[in-house]
Amino acid sequence: MSHEAYALFFRELANDKVALVGGKNASLGEMFNRLTPQGINVPNGFATTAAAYWLFLDENNLREPLARLMAQVDKQEYSNVQQIGAQARELLRSARIPAPVAASIIDAYRELCASYDREIQVAVRSSATAEDLPTASFAGQHDSFLNVQGEQALLQACLRCYVSLFNDRAIKYRLQNGFDHLRVALSVGVQKMVRSDLASAGVAFTIEPETGHDNFIYLTGSWGLGENVVQGAVNPDEFYLFKPALRGGFRALVTKKLGDKAKTMRYVEQGTGIVNTDTPAEKQSVYVLTDAEVEQLGRWFLQIEEHYGMPMDIEWAKDGHDQQLYIVQARPETIHHGQRALRLHEYHLTEKHKVLATGKAVGNQIASGVARIISSPAEGHRLQQGEILVTDSTSPDWNVILKKAAVIVTNKGGRTSHAAIVARELGLSAVVGTQNATEQIQDGQLITVSCAEGDEGKVFDGKLAWQETEIDLEKVQLPSTKPMLILADPDRALQLARYPSQGVGLMRMEFVINNAIQIHPMALVKFDELQDSQARDVIEQLTAHYDSKPAYFVDKLAQAIGFVAAAFYPREVIVRMSDFKTNEYANLIGGQQFEPSEENPMLGFRGASRYYSPQYREGFRLECEALKRVRSEMGLTNVKAMIPFCRTVAEGQQVVALMEEFGLKRGDDGLQIYVMAEIPSNVILAEDFAQVFDGFSIGSNDLTQLTLGIDRDSSIVSHLFDERNEAVTRMLAQVIRISKACGRPIGLCGQAPSDYPAFAQFLVAQGINSISFTPDALLKGIANMVQAEQAVANGQVATSQEQAVPA
């Protein structure tokens, strides 16, 4: 038999050679042959054949003794696999690679070295195959050896690969999957070593692995060998690429997250060993790839997916010598959970106990746990993950702390208070406005909080039992009126994109500024004038890897908006420009210097009035630059802008003109700019506002507050706060009628349509285009909308505000 029968170069292999060289090596051949002509770097190499392995068994007379050993294995409990496996491996270890096979390996290695003009280091990998089942996967069952150099070292590594066919885990795998031990051959893949130990490596999926979202490529990486990433031994850098942007030639990297990359795996100076050392702090704070390198890999990953015609799991590596990127492995992606139907949960208490406190319910969950009474954010460290936060009230200063809570309970506030809004955004339940929770509940007490009994939330003493019911979202009937989502936390975008909505009717920019950016925009613009030395130090740290301070704000905001827009693409995402009040802006890092002190911030320097003011104009420029990057550079033209709290038509015109000056011109690439209808003047002058803006979004909380003259955060008068009050419903009917007459779309963002079926009927009867809900309220809201449309179709609902008014 010729040498060529025992070793084949990658150029001679493809996916139809699985029976000859196993799945892993056939895939490497397929990539080398098909993808290198497309400009994708795949390291060259060769593979020994199944015939070489059978000759190895025959020349060393191993078949019969191996068969006898394998017949002795306890096939039920696997109690003696360790003992039998050790004997089998000793048999193989004592054997010799047949001369013709060794000659084939050495000849191929010499040819491979000659193509690189030097004796190279190689990776030696095992690739098993079953003769009668060539498509079987034996991934992870056998051994690989890296950084092998020299002919004798290579032959030794090949023998060790043969030995690994009888690893304990491989023996068990074959038994569990019904394979005859002596009908599985082993092919050895020998590939030029990529010196990623001197640079970086990682893994990518051409589909988002948790949700199965196919708009994304998910890429991870760490310093040194990729093994740390594959095994989950480090917290790697993460990159999300938007596939339609890659196809369209736009900026595809929508967001990235810095991992700590605590360990770096490298080769020892001599031999094939590895060491895993602590990564220096300065390297932990730097991404392992430049944005340009991430984009290059993204294009390659997309080409690989399109070549194979299925989502792929891909290993990449960067060589520290030549600084080039390489693809070292690709296989069909199998771990994502996106095929599972998305289900939501309903809760019902099956027992009751002493009620400690009651208030307004937010969300629909039941949870039990230890109560932790916290009086201020400074005590936040006392709250452990999964405990129930009990406090007087919360503000944006609490956001990081709230993420640890299982439930939030407050003395003050209504269902539109900070605690309620954040609870919804985090997917938590809350009981707000209890008046006395901090007095009635003891620190450390075991309690149960139920928000599953309608409008009233209850806090019970002790741990109670409850039932959960799953709802299959695929069976949800959808209305003609568009159901939309209210979204703040971009981290939930992938999960929420699977909900049955028509897009995002309100993306709150404040959440991103408060959590991801943390710095007042004017403190970045006027950093040289910042007087707070402590704030200066923190800002220097946060912006350390940016060319300028403002660039940090633009980049972070663009990433967050881009991620949400990509998750929902091509559905629309309406982004509300920042709507902090002065006291909230002042709480941002460096914010005190740039904010006035106001008696009533709710009615003061907020919304549109800020944007053209000299005090904030340059901060608004940064917001616009972020939005422009998302739409123009990332190609996410499904993003629309929305202006909050626009008091007069003239200031609306001023803001639209300013946005054009900052690169966001109405109509360019289909850009639409909406206005919040949340002030009575927006309703009274709706026809004039419709000439300035492309659409309306009713902010029912502020509109109710300003129509009825109620401080919505006051628990004393909160019983009067009701969107169904006739004064409010007349306002709503009027603005919907005028917007429709002007050909402008109009939606509503708020809780009432999910809480009150009659209110949903009223809005549908008026002909509203969309209603936006928080995620916890979406399904109930959709059900109310469907019921309302049926009632309207049957002529059972009058088209006046009467339906919304409580009896």
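Side chains are part of it too, since the values below use all heavy atoms of this structure and drop only hydrogens, waters and symmetry mates.
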*Side chains of Lys549 and Val525: closer than 4.5 Å at any heavy-atom pair?*
no
*Cation-pi check, Lys256 onto Tyr287 ring (under 6.0 Å, within 45° of axis)*: yes
*Test item: side-chain donor near acceptor, Glu651 and Ser609, under 3.5 Å*: yes
*Is a donor on one side and an acceptor on the other found under 3.5 Å between the side chain of Lys261 and the backbone of Gln284?*
yes
*asked:* Tell me whether Glu306 is salt-bridged to Arg247, with the criterion being a basic N under 4.0 Å from an acidic carboxylate O.
replied: yes
*asked:* Looking only at side-chain N and O atoms, does Gln672 offer a donor or acceptor that is under 3.5 Å from a partner on Lys640?
replied: yes
Do any side-chain atoms of residues 657-665 form donor-acceptor pairs under 3.5 angstrom with protein atoms, and if so which ones, sequence neighbours left out?
residue, atom, partner, partner atom, Å
Glu661, OE1, Arg617, NH2, 3.1
Glu661, OE2, Arg617, NH2, 2.8

*Report the C-alpha separation of Ser578 and Tyr611 in whole Å, then their side-chain angles, then the decisive distance to 0.1 Å, and conclude whether the side chain to side chain contact (heavy atoms under 4.5 Å, CB included) test is met.*
CA-CA 9 Å; Ser578 67; Tyr611 304 154; 4.0 Å; yes
*In terms of side-chain heavy atoms, does Gln559 have a donor or acceptor partner in Asp555 at a distance below 3.5 Å?*
yes
*Tell me, yes or no, whether the heavy-atom count around Gln534 atom CD, taken from other residues, nucleotides or ligands under 6.0 Å, exceeds 12.*
no
_With a 6.0 Å cut-off on the ring centroids, do Phe580 and Tyr585 count as close?_
yes
_Can you tell whether the side chains of Lys318 and Asp197 come within less than 4.0 Å, N to carboxylate O?_
no
*Less than 4.0 Å between a side-chain N and a carboxylate O, is that true for Arg610 and Glu595?*
yes
*Considering the options Asp319, Leu146, Leu325, Asn41, which one meets the side-chain contact (heavy atoms from CB on, under 4.5 Å) requirement together with Val194?*
Asp319
*Evaluate whether atom NZ of Lys628 has more than 12 neighbouring non-hydrogen atoms of other residues, nucleotides or ligands under 6.0 angstrom away.*
no
*asked:* In this structure, is the centre-to-centre distance between the rings of Phe696 and Tyr674 below 6.0 Å?
replied: no
*Check whether any side-chain N or O of Ser285 sits under 3.5 Å from a backbone N or O of Glu282 as a donor-acceptor pair, and report yes or no.*
yes
*Would one find more than 12 heavy atoms of other residues, nucleotides or ligands at under 6.0 Å from atom CG of Asp547?*
no
*Does any donor atom in the side chain of Thr279 or Thr264 lie under 3.5 Å from an acceptor atom in the other side chain?*
yes
_Pair Phe216 and Phe239, ring centroids less than 6.0 Å apart_ = no
_side chain to side chain contact (heavy atoms under 4.5 Å, CB included) between Ile327 and Leu297, worked out_ = CA-CA 9 Å; Ile327 302 299; Leu297 283 173; 4.3 Å; yes
